[in-house]
A.B. asks: 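What follows is a structure written as structure tokens; I'll ask about it next.
Computation of the quantities below employed the complete heavy-atom set of this structure, encompassing side-chain atoms and omitting hydrogens, waters and symmetry-equivalent molecules. Atoms within each ligand, like the ligands themselves, are counted from 1 in listed order. Residue numbers count from 1 along this sequence. Since the model is a prediction, treat every value here as computed from it, not as a measurement.
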Amino acid sequence: MSPKAIEWHIHTFKEIDSTQRIAKNLAADGAPEGTVVVAETQSEGRGRAGRRWFSPPGGLWLSAVFRPTITPTDVQKMTLAVGVAATRAIVRSTGLMANLKWPNDVQIGYRKVCGILTEASVKSGVVEFLVVGVGINANVDLATLPPDLRPTTTSLKYELKREIPIEKLTNALLLELQKEYASLSGGLFAPILADWRALTNTLGNWVEVQTPNKTIDGFAEDLDHDGALILRLADGSRVTVIAGDALLRRKHHFNQS
Ligand code: BTN
């Protein structure tokens, strides 16, 4: 596989319902790979698992279209690659310490600063396009967030005690996305996995993973070669989780019997 060099075609909006919806429509109408939709605010921002994504002014709300030659089972690889890109962009443009919580929430001090939504259009078992949505609470005032989100959410402005230029953050994100995508499309997933492992706060911790059908408690041992999470359960058995939401638990002990 040869790495794909991506060229960005950027559409900017002041306020729209969701950059993800617009990008998906553009992609379905044949928009090229590298089509990017950015908005200053979203009235109906979309999160993972059908959740709402609160998108006030000051954030970076961006969706990008990719047309990789991958199978649906490889979509998780792109999800992790985008997580690495977003974390790097945040670290490089702010100097803050940021970590990845599996699969791809970016956290600062265990509070979420960035969410990623990867959506695939699959036809006859083939990935037609991917739309990757990245939401970064950049210059967001925490006081503008709904109260239930405040304890678990942070923003770059809150952490830095100053505003950061959104353009600088956007450029950093697009550059890192370019690099990770070149690696992935060139068939090089191992370096992405290595970077993900170096940036995560999930491995080596007890977690509670909510999957679409159940909640699993286990020790996060590693990722497998496809990016699925390998959990060791209290009875010593291992399970591999492909998709879900992880909650980090600070303490847990194995039964000694
Ligand atoms: C999550 O639930 O963690 C994912 C949040 C993804 C939010 C971004 S903001 C830009 C893009 N447009 C949307 O409507 N959602 C994504």
A.B. asks: Can you pull the side chain to side chain donor-acceptor pair (under 3.5 Å) pairs that have at least one residue in residues 135-149, sequence neighbours excluded?
C.D. replies: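 For residues 135-149: Asp141-Lys157.
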A.B. asks: Which pairs pass salt bridge (charged side-chain N to carboxylate O under 4.0 Å, His left out) with one or both residues in residues 203-213, sequence neighbours excluded?
C.D. replies: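 The answer is Glu208-Arg249.
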A.B. asks: Would you please indicate if the ring centroids of Phe129 and Phe66 are separated by under 6.0 Å?
C.D. replies: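 So the answer is no for these two rings.
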A.B. asks: At less than 3.5 Å, what protein N or O atoms come close to the N or O atoms of ligand 1? Include the distances to 0.1 Å.
C.D. replies:
| from | atom 1 | to | atom 2 | distance (Å) |
| --- | --- | --- | --- | --- |
| ligand 1 | 2 (O) | Arg48 | N | 2.7 |
| ligand 1 | 3 (O) | Lys112 | NZ | 2.6 |
| ligand 1 | 12 (N) | Thr19 | OG1 | 2.9 |
| ligand 1 | 12 (N) | Gln20 | N | 3.4 |
| ligand 1 | 12 (N) | Gln42 | OE1 | 2.9 |
| ligand 1 | 14 (O) | Ser18 | OG | 2.8 |
| ligand 1 | 14 (O) | Gln42 | OE1 | 3.4 |
| ligand 1 | 14 (O) | Arg46 | N | 2.7 |
| ligand 1 | 15 (N) | Arg46 | O | 2.7 |

A.B. asks: Does Glu119 pair with Lys24 as a salt bridge, N-O distance under 4.0 Å?
C.D. replies: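 Looking at Glu119 and Lys24, the cut-off is met.
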A.B. asks: Got a sec, which pairs hit salt bridge (charged side-chain N to carboxylate O under 4.0 Å, His left out) with one end in residues 81-97, sequence neighbours left out?
C.D. replies: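 Matches after skipping sequence neighbours: Arg88-Glu180, Arg88-Asp195, Arg92-Glu176.
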A.B. asks: Check each of Arg46, Gln42, Glu44, Glu15 against Ser55 using the side chain to side chain donor-acceptor pair (under 3.5 Å) test, and report the only one that passes.
C.D. replies: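 Only one option passes, and that is Gln42.
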